[in-house]
Amino acid sequence: MTAGVLAGLTPPLDGKPLRWSVGTRPIPVNQWLNVDSTRHDTMRAKDAVLDRDTAGSVITTPAGVQASDALLAAICDHLTAWHSVEFAVTNGEVVDLESGRRTLVDRTKPLETVARMLPQDFCVLTPSADTWRMTAATVCFTSRWNLESKIGLTIGEIHGPVPGYEQRVAHAVDHVIGRMDDGSVLKRSNWTLLDTPELHLREPARSTAPTTNIEKLQWLRVEHQALRRFTNPDALIFTIDTRVRHIGDVPSVDRQRLREAVRTAPADIAAYKAWPVST
Ligand code: HEM
């Protein structure tokens with residue numbers, strides 16, 4: 001059993017060899033968007049990415065236009081219903097009442113609006129044949145991948161570089177998604193150890209020199225991911241709330257558990273993560 005900062009994280013930290021797991025659990029809709037005071041620092045980091053590279057951080061294809069508009073409307077409704085202490089929402093703008101940040105609600109650019117309003121990243125998936133395709137997204141904090149290379153792809157194709165995804169989790173992911181109905185929200189939180197606190201990592205690990213020394217993996221990156229289903233229009237919203245903390249701030253028992261999981265990770269996962277490959 002894991003407790004404290006590692007509770008509920010995936011891949012599981014249970015002393016067994018590292019392996020992918022779906023790890024989704026249902027949450028009430030009011031917990032869809034976690035709003036806390038770390039958002040102000042995160043928004044500064046996001047602004048920097050958006051200012052540098054809007055084209056690479058916000059992409060909408062024609063098939064994703066309607067669902068992106070529905071996402072903006074759903075976020076405004078959600079903030080009004082559940083976060084009125086932190087945000088004031090009018091037809092024309094959303095004001096963060098703690099920081100004073102004002103975001104103009106531009107219905108012609110829904111994902112640009114969302115990107116500047118909240119710290120989370122959002123992927124919009126729409127149905128395509130018998131699967132889902134990412135037809136629009138705003139992702140500033142990619143974890144060793146980039147949006148241009150994934151936009152328009154199906155869930156299976158998106159996970160193409162993930163070793164063992166197809167064999168271990170693809171079927172379970174499809175099953176979990178297939179059972180979602182309107183408004184249902186699922187959450188999962190995955191972790192990795194990195195040698196950088198940088199939130200915006202565009203280069204795939206396979207083109208990054210692997211870390212040779214486990215001691216250099218000083219940063220615990222946790223992505224709290226939520227899946228929310230819309231049915232009108234039909235869409236799946238994948239939300240990523242990224243948190244990075246220094247390993248020194250993690251209790252030593254947890255630090256050891258994380259490092260042990262990295263040290264004993266199967267070679268294909270270690271290579272995918274650019275972790276040291278155990279001998
Ligand atoms: C329950 C649903 C899902 C599960 C179980 C799942 C699982 C995973 C796993 C195990 C990895 C590799 C571990 C890692 O990089 O941390 C991964 C990577 C990734 N996932 Fe998912 N995922 C899910 C849904 C999604 C959705 C809906 C999207 C976006 C539309 C997405 C986008 C990605 C991307 C972009 C990567 C990195 C792939 C790369 O390295 O190129 N995932 N996912």
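Counting convention: from 1, in listed order, for ligands and their atoms alike. Keep in mind that this is a model prediction, so the values were computed, not measured.
Distance check, rounded to the nearest 0.5 Å: NZ of K187 to CG of L227 gives 12.5 Å. The distance from atom CG of L50 to atom OG1 of T138, rounded to the nearest 0.5 Å, is 6.0 Å.
Evaluation of the ring pair (Phe, Tyr, Trp, His ring centres under 6.0 Å) rule for F238 yields no partner, not counting sequence neighbours.
In this structure, W275 and W191 have parallel ring planes: the angle between them is below the 30° cut-off, well short of the 60° mark. Ring geometry for H78 against W82 counts as tilted: the plane angle lies between 30° and 60°, on a 0 to 90° scale.
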So what's ligand 1 close to, N/O to N/O, under 3.5 Å?
residue, atom, partner, partner atom, Å
ligand 1, 15 (O), Y272, OH, 3.1
ligand 1, 16 (O), N190, ND2, 3.1
ligand 1, 16 (O), K273, NZ, 3.3
ligand 1, 20 (N), H159, NE2, 2.8
ligand 1, 22 (N), H159, NE2, 2.9
ligand 1, 40 (O), Y272, OH, 2.5
ligand 1, 41 (O), K150, NZ, 2.6
ligand 1, 42 (N), H159, NE2, 2.8
ligand 1, 43 (N), H159, NE2, 2.9

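Side-chain contact check for L125 versus T135: every heavy-atom pair is 4.5 Å or farther apart.
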